[in-house]
Structure formats: structure tokens, C-alpha cells
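Have a look at the structure below, then the notes.
Not measured: the values here are computed from a predicted model. Here is the naming used below: chain letters follow the sequence lines, and residue numbers restart at 1 for every chain.
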Amino acid sequence: MKNAYFPQEIEKKWQKIWEENGTFKTPNESDKPKYYALSMLPYPSGKLHMGHVRNYTITDVIARFKKMNGFNVLHPMGWDSFGLPAENAAMKHGAEPEKWTLENIAYMTKQLKMLGLSYDWDREVTTCLPDYYKWTQWLFLQLYKKGLAYKKDASVNWCNECGTVLANEQVIDGKCWRCDSVVEKKYLSQWFFKITEYAEELLKDLDKLPGWGDNVKTMQANWIGKSEGAIFRFKVVEKDLEVPVYTTRPDTVHGITYLVVAPEYKDIEALTTPENKEAVEAYRANARKMTEIERLSNDRVKTGVPLGTHCINPFTGEKFPLWTADYALAEYGTGAVMAVPTHDERDFDFAKKYNLPMKVVIQNPENPSDCKEKAYTEEGILVNSNEFNGMKNTEAKKAITQKAVDEGFGEFKTQYRLRDWLISRQRYWGAPIPVVYCEKCGIQPVPEDQLPVLLPKDVDFSVVGKSPITTSKTFAETTCPCCGGKARRETDTMDTFVCSSWYYMRYADPKNDKMPFDKDLINHWLPVDQYVGGIEHAILHLLYSRFFTKALRDLGLLDFDEPFKNLLTQGMVLKDGAKMSKSKGNTVDPDEIFENYGADTARLFILSDSPPARDFDWSDAGVEGCYKFLNRVWRLISSNAENIKVAYALPTTLTKENDDLVRVVHMAIKGITNDISNDFQFNTVISKYRELVNAIYDWQGKKSDLNDEDKAVLSFAIVTLIKLMSPVAVHLCEEAWTELGGEGSIHAQDWPVWDENLAKASSITLIVQINGKVKDKIEADEALNQDELKELALSSPKVKELTEGKTIVKTIVVPKKLVNIVVK
RNA sequence: GCCCUGGUGGCGGAAUCGGUAGACGCGUCGGACUUAAAAUCCGGUUGGAGUUAAAUCCAGUGCCAGUUCAAGUCUGGCCCAGGGCACCA
């Protein structure tokens with residue numbers, strides 16, 4: 001074994017051998033239990049960044065750990081390779097999106113291999129290739145047949161910069177998730193997935209996911225936004241019309257003093273009197289012009305105009321006016337709101353501004369409020385509410401709704417904030433939506449045997465204001481699968497999130513050309529046992545994937561309810577306290593780290609300083625420290641190489657010193673195994689590697705010559721060390737294993753096991769406290785019983801001195817640990 | 001405003017059940033080796049008091065109370081930071 005550590009040399013060597021030997025191939029058939037470890041698949045942007053390195057290292061260590069623990073581990077990798085950057089690159093550099101994408105994939109694959117990741121590359125999935133997107137299209141057709149994919153005219157989010165529509169989930173603070181430019185509203189005919197059909201199950205099944213963080217689950221729950229309330233229908237005085245409203249406060253219904261409809265409300269024109277028409281039209285025109293941002297920026301300052309018509313409150317017979325105001329949202333509930341200014345802050349603000357009447361109907365008997373200064377929104381007792389007076393408002397909700405139900409002007413209603421998923425994109429580089437439009441037959445799905453609908457090659461990427469796909473002379477023109485007549489192909493492509501909603505299923509059966517996946521195989525491998533990725537997908541990708549799983553289950557394609565059993569959301573990689581970004585100039589290039597220190601150092605460092613879920617601050621000194629540590633490990637092994645043999649067996653009886661080292665090794669096995677099992681605390685795992693290495697050096701420092709027993713003990717310690725380190729320092733440990741006479745790959749060895757009796761020190765340190773403060777520490781035999789421990793503590797000279805002249809009130813003995821003497 | 005997460009040395013962070021606070025590392029200071037440097041090795045490093053040096057003592061896990069023989073850990077109230085949602089009726 002060489003004296004010096006040359007990571008670049010050994011890393012290259014082993015990567016080649018592993019590839020040739022197929023060390024990391026995963027067979028479908030195995031007598032071992034399965035384990036599916038998965039990282040979120042990357043977008044092939046060009047180069048790996050440190051966030052990737054962190055993500056894939058975490059998952060890789062998990063996969064290797066599980067493999068050594070007797071699992072048949074599926075650990076695949078693929079590419080989320082449709083999307084706008086490829087198209088932008090095409091426009092900028094004139095490169096084909098496909099060529100650009102495949103080149104990036106080739107480069108990043110090389111980088112992933114340099115990191116020493118244990119992927120089964122035979123299962124690689126590339127979403128932009130026809131053998132994959134054929135099945136994305138096939139799945140679309142199944143959803144279409146089931147009524148879960150549909151086309152409708154709707155007001156949609158439009159990003160001018162990207163030249164396409166966006167899903168609600170892709171609009172962040174009124175801006176595009178990708179390019180950050182302001183999103184506008186457009187009225188277009190678009191394709192949707194009916195995710196709302198699963199709103200209740202998506203919410204409810206969050207409870208089935210104890211392996212997910214509460215942060216992600218509450219984000220999803222908030223996004224789904226369930227609320228329970230009632231619909232009331234109010235008759236319009238001047239017209240033969242009704243205005244239905246949704247409310248979560250049916251208990252306040254006697255306090256209605258006006259009603260608000262959204263500017264986009266469907267019946268608004270009919271509800272407007274001729275005298276008010278001009279003002280209402282002006283208000284609506286202005287609302288249409290405003291972007292989401294503008295609506296948000298002047299929040300709290302509410303505006304509106306009266307329509308001139310009135311409704312009757314069936315509970316009181318009172319007549320109240322109708323208004324339009326943009327604080328009522330067309331897309332939520334019925335688009336109309338009953339206003340109770342006394343018990344709703346928004347209605348209160350509006351009523352104050354326009355001097356509308358107020359009527360108190362809920363009171364706190366202890367501390368009544370007249371609601372002149374602010375709305376009272378807490379619980380209370382009903383007043384001014386006819387037969388409901390005196391009822392607790394929580395009970396009145398039900399009673400009042402029931403009355404509406406009985407008398408036929410209302411019902412109980414559960415409402416969700418979640419909207420259907422808009423999947424059309426007016427872009428080229430995506431999976432074409434497989435439908436055609438026929439003048440005679442209408443919307444026709446492309447027959448399954450005609451899939452895939454291939455992307456055309458004869459397109460002009462320089463066009464502005466429309467999708468490049470529309471420039472193809474060959475693509476749109478087609479024949480109707482129904483009547484054979486002339487028809488036009490859909491030119492919209494699917495949101496890339498559709499592709500990434502099922503990729504983890506394809507890994508189970510990546511080469512299937514009859515189906516997206518075999519049912520038995522997917523039921524065998526799925527759900528994913530451990531999913532690792534960034535928190536930024538808490539809603540988007542994770543919600544869509546959960547929806548897909550449930551929809552495909554209902555299509556009979558699979559038999560599970562949730563795709564990801566355990567989810568680890570890793571923190572960001574920072575540098576100098578800020579997120580790494582090119583614009584800030586604080587990025588670190590993985591290639592440079594591989595070149596200067598090797599992949600093992602990079603892997604060790606990225607896991608070392610912070611627990612996976614927390615943000616990680618990159619520091620050059622930290623990398624240096626990890627490199628030094630690996631050198632230290634290397635020296636420890638190489639300087640002892642002739643004394644260490646994998647095959648050496650431990651003698652049954654040992655000297656005290658050797659016994660102590662053996663105990664340290666057992667403690668390390670136990671500690672490291674528990675740390676990995678307990679939320680993958682790799683930072684403490686690595687500190688335990690260091691402790692073990694330090695202990696071996698200390699032990700060695702006390703020895704001048706090694707006898708046979710010493711050699712056996714040292715071999716045990718070092719062979720265990722490299723097994724424990726092998727999931728992290730994958731190349732170094734493989735090299736050491738081979739040099740020390742190990743057979744096969746270290747990555748195929750069994751994980752070390754500890755002996756509970758040896759995984760502790762041979763004696764205990766008894767903590768002696770007086771009044772809860774540590775006063776003495778005594779080495780003691782662990783066999784001592786409680787009384788003996790008490791005697792031992794009381795016999796301490798220190799204790800005698802401090803208890804002199806005082807009364808011992810009480811003595812608490814914690815077995816094997818501590819004695820607390822309470823004195824007065 | 002609502003929801004989630006967190007608050008421990010100069011820094012990253014550690015501390016199964018309530019039982020030695022600060023593991024391990026980074027930084028830093030001192031020492032050894034060296035002509036010198038790098039590398040390596042050894043030692044100190046929460047604050048304060050104390051001493052020639054030590055021993056030793058006191059305080060200390062965001063703040064204020066409480067429970068307990070014992071609280072970083074449990075309970076109640078508050079403050080701060082980060083993230084998410086936000087005119088959702």
C-alpha cells in the first residue's frame with residue numbers, strides 16, 4: 001500500500017472497476033427485502049452544483065448503508081430533461097434543444113460518476129426521449145378517458161417572458177417561478193388535470209405519511225386549503241335571479257348588510273341597473289387591467305362600486321344592496337360574498353370606507369363589543385338573530401345552515417382552495433399533448449398505437465410571441481382518427497411537472513415497451529422508501545406526484561396510495577451565509593473539488609458539518625479539514641498495512657488495553673448505526689469516525705511492538721473502521737479493503753454488528769451530585785447495586801467535607817450513573 | 001395576520017429516557033520537529049472570580065415564571081430569526 005494518499009488515482013481506478021464488474025446493478029429478483037432510495041432527478045442544466053452533490057451524496061450513503069444491511073437496493077438516476085432552458089439555449093446559440101440537452105446529460109453523467117455514486121445506470125430515465133414521453137402521452141390518454149384530463153376556457157396565469165401559461169403552483173407572489181417576471185391573466189382554452197377531484201384524499205392521506213416533515217405536510221395542507229361552511233342563495237329583488245354565496249360563518253347570517261360579487265362574476269351585467277352601468281363597467285375594466293401584483297400591493301385599501309340592485313335576507317326579510325369589489329375572488333367559492341362588517345375584518349374595512357350599515361349579531365357576554373372600532377371575530381353568543389338568540393355561535397353554524405337546508409335556500413358545503421392543474425404549455429420542448437381537433441368530430445385523442453406523437457424537427461426557434469412548434473410545416477396537419485378527414489394537431493406541450501410526476505415509477509421497469517411499467521414490478525419496488533430532495537418542491541412536484549399515484553391507482557395500474565413513504569428535505573448549500581448563485585459569485589465548482597481533493601473528500605465534507613435537513617455553509621477550510629482527515633486515515637492504514645489482515649480473528653481473552661479498544665470499536669458501530677437509522681444524522685456519524693480514528697492512534701501511541709494479539713485487535717479496529725466509513729469514503733475504503741486482503745468489494749460486505757455487552761466502557765463513572773450540582777466523579781464497577789453506589793458516594797472525601805454538619809434529607813440513586821445527595 | 005421550523009462558545013454544531021452542557025470539527029493561541037517553511041504531532045480555548053501556577057468557587061443553553069432531588073430537554077407566557085401561506089369569505 002502506498003504511503004501517500006492519491007485520491008484522484010484510486011478514484012479513477014475503482015470507478016472503472018465498478019463499472020466493468022457491474023457492482024451496483026440491481027436485480028429485480030432477489031431473496032432480500034427491497035429498499036428504494038431516490039434523489040429528486042435533476043434538470044440537465046449543464047453542470048452539477050453543490051446542491052446536487054449534497055442531495056446525491058445523502059441518498060448514496062443511505063443506499064449503500066441499506067445494501068450492507070441486507071437489502072436489495074434500488075438506487076437509480078435520470079433526467080428531468082424537458083423544459084424552457086433548452087429552448088432558450090436553442091434560440092441563443094442556435095443549438096437544437098435535444099442536442100443541447102443530451103450534451104448536458106453526458107457531461108453531468110460524467111460528473112456523477114466521478115462522485116462515485118452507486119447508481120444502476122441500466123435504469124437511467126430521460127424524460128425527453130420518445131421511449132419515455134410516449135408513456136407520458138399514454139398516461140395522459142388514460143387520464144383523459146377517465147375524465148381527469150379536460151379542456152376548458154379559463155382565466156389563466158400568463159408569463160410573457162416565458163411565452164406560456166403557468167399552473168397556480170408555479171406563480172410565486174404573482175411572479176413566474178422560473179423567470180421572476182410579473183404574471184398576467186389571460187382568458188384561454190387550456191388543458192387541465194382534475195387534481196381537485198383528489199383534494200380530500202390528498203389532504204387526508206397526509207396523515208399516512210409519518211415519514212414526512214410537518215413543514216411539508218402543513219404547506220400541502222395549506223395549499224389544499226379545506227374549509228367547511230355553507231352555501232346560501234339570496235333572491236334578487238329587482239330581477240328574477242339568485243346570488244349564491246359561500247361562507248364559513250353561517251352563524252353571522254343575520255348580520256348581513258350588503259353583498260359583494262367579484263368583478264368577473266358571471267351574472268354581474270344582469271345585476272347592474274342602467275344608472276350604475278357606467279361606473280360598474282369602469283371598475284371592471286380597471287380590475288381586468290390590474291395584475292396580481294397590483295391587486296396585492298394595494299391590499300387593505302379596498303375599493304368597489306354598488307350595482308344598484310338588492311337582495312333579500314331570507315332569515316330576516318331585510319333588504320340589502322349588491323356591490324362589486326375586487327376583494328371578492330371569482331375563482332373561489334361562488335364568486336360572491338355575504339358581508340357582515342361586524343364580524344369580518346375585510347367587510348369591516350369596506351363598510352367603514354363606504355359608510356355601509358353594521359349590525360352586531362355575535363357577542364362575548366363577558367366583554368361585549370359594539371364593533372364600532374373593529375370587527376369581533378372571536379367566538380360568542382348570538383344576538384339580534386331571532387330564534388337563534390342565546391345560542392353559542394359554534395352551534396349556531398350548524399343550526400342556521402340546517403334551517404337553510406330545510407327551507408330550500410342553502411346547503412352545507414366543503415370548499416377547497418386547490419385549483420385544477422393547468423398542464424398546457426405554449427412551448428416546443430415538452431411532451432406533445434396527444435390529441436387532434438377535427439371540425440366534424442371535435443376533440444379526438446390520438447389512438448394509443450400511434451404513440452408517441454413525436455416532436456417535429458422542422459421548426460424555427462427564432463420566432464417571438466408564439467411557440468416554435470407552430471412553425472413546423474408538418475406537425476399540426478393530420479387526419480382525424482375518427483372520420484379520417486382533415487384535422488389539426490394540438491400544438492401545446494405538457495408542463496414538465498407531468499413528466500416528473502411518474503418518473504420514479506419508470507425506474508422499476510425502465511425498458512418496458514408495452515406499458516409504462518409492469519404492474520407487478522411497480523408494486524414490488526414502490527413506494528419509494530426514502531426520497532431525498534429540496535424543500536422547494538414541497539408543493540409542486542410532491543403534490544403532483546401524489547395526485548398521479550392516486551389517479552393511476554384508480555386506473556388500476558398500481559396498488560398503493562402514496563408514492564413516497566419517507567421524505568428527507570435537505571437544506572440549501574450556502575457560502576458565506578448566502579445561497580450559492582452565479583450572480584453573487586459565491587459558487588464552488590464540484591469539478592475543482594474533485595480535482596484538488598477527490599470525490600471522497602467532497603462526500604465527507606458535504607455530510608460533515610450540518611444535519612441533512614439544515615442549511616449547510618460551505619467553507620474552504622472545512623474541505624481542507626476533511627482532506628486532512630482522510631490523509632490521517634490513510635496514514636493509519638498504510639503505516640500498519642503489514643500488521644493488518646482482514647482475516648485475523650480476535651482472541652477471546654484480551655489485555656485491559658486491548659479490551660478497551662475493542663469496546664471503543666463496538667461503541668462506534670452502535671453509535672454510527674443508530675445515528676444513520678435516526679434521521680440520517682451524518683454529521684455525528686462523521687464525528688464518530690474521527691473519534692474512532694483518534695482512539696486507534698491513542699492506543700497505538702502506547703505500543704512499541706505489536707504482538708499477535710495486538711495485531712488482531714488493530715486489524716479488527718481498522719477493518720471495522722473502513723467498513724463503517726465505506727458508504728461515505730467509497731474509494732478510499734475500497735482500496736484499503738483490497739490492500740488488506742479483503743475479498744470482493746467492501747460495498748458488498750455486511751454492515752458490522754455490535755455486541756451490547758462490549759458497546760460500553762468496562763467501568764462506569766459515577767456522578768456524585770449534592771443538591772443537583774456535580775461535586776465528584778468516581779470510577780465504579782457497574783455491577784454495584786443501588787445501596788452500594790450510595791455507600792460509595794457517601795464515602796467520597798469530597799462529599800464528607802461538603803456534608804459536614806449538614807443533614808442529608810434524601811439520596812437519589814440512578815443505577816449505573818449518578819447519586820444525588822440532598823442536604824440542608 | 002395565520003401556519004411551520006429554529007434560538008446552545010468566536011463559528012458549524014453535539015447532548016436516546018429529564019441525570020457530567022459544549023462531543024467532533026473549524027478558527028485561534030502556545031509548544032515539538034525543521035536551517036526555514038509546508039506537512040505532521042502534542043497541549044490550551046464558554047464567561048467571570050481566584051492563584052506565581054494550580055486547586056477551587058460562581059454564572060451560563062433567547063427572556064420571564066413554574067414542575068422536579070435534578071431542566072438545553074417538561075409546562076405556561078413572552079421575545080427574536082428563517083421559511084411557507086395570505087382579501088380563500
Open item on the list: Is it the case that G1(B) (base atoms only) and E345(A) (side chain only) share a donor and an acceptor within less than 3.5 Å, ignoring hydrogens and angles?
Closed with: no
TODO: Quick one: look up who G1(B) pairs with, Watson-Crick or G-U, both distances under 3.5 Å, and put none if it's unpaired.
DONE: C85(B)
Task: From U40(B), A89(B), G19(B), nucleotide with atom closest to K628(A) side chain - done: U40(B)
Task: Torsion-based syn/anti label for C64(B), 90° from 0 as limit - done: anti
Task: Options C17(B), C69(B), C41(B), nucleotide nearest the side-chain atoms of R632(A) - done: C41(B)
TODO: Using a cut-off of strictly less than 4.0 Å, decide whether R635(A) has a side-chain nitrogen or oxygen near OP1 or OP2 of C41(B).
DONE: yes
Open item on the list: Suppose you measure atom P in C64(B) against the same atom in U8(B); what distance do you get, rounded to whole Å?
Closed with: 16 Å
Task: Nearest listed nucleotide, side chain of K775(A), among C17(B), C58(B), G12(B) - done: C58(B)
Open item on the list: Would G66(B) be called syn or anti here, given the cut-off of 90° from 0?
Closed with: anti
Task: Side chain of W223(A) (C-beta onward), nearest among C87(B), C69(B), A86(B) - done: A86(B)
Task: Whole-Å gap separating P (G19(B)) and NZ (K777(A)) - done: 16 Å
TODO: Please tell me which of the listed nucleotides, C58(B), C41(B), A14(B), lies nearest to the side chain of N683(A)?
DONE: A14(B)
Task: Pi-cation contact, F629(A) with R690(A) (under 6.0 Å, within 45°) - done: yes
Task: The single option from F320(A), F350(A), F234(A) passing ring pair (Phe, Tyr, Trp, His ring centres under 6.0 Å) against Y258(A) - done: F350(A)
TODO: Can you tell me, in whole Å, how much space there is between the C1' of G7(B) and that of U73(B)?
DONE: 14 Å
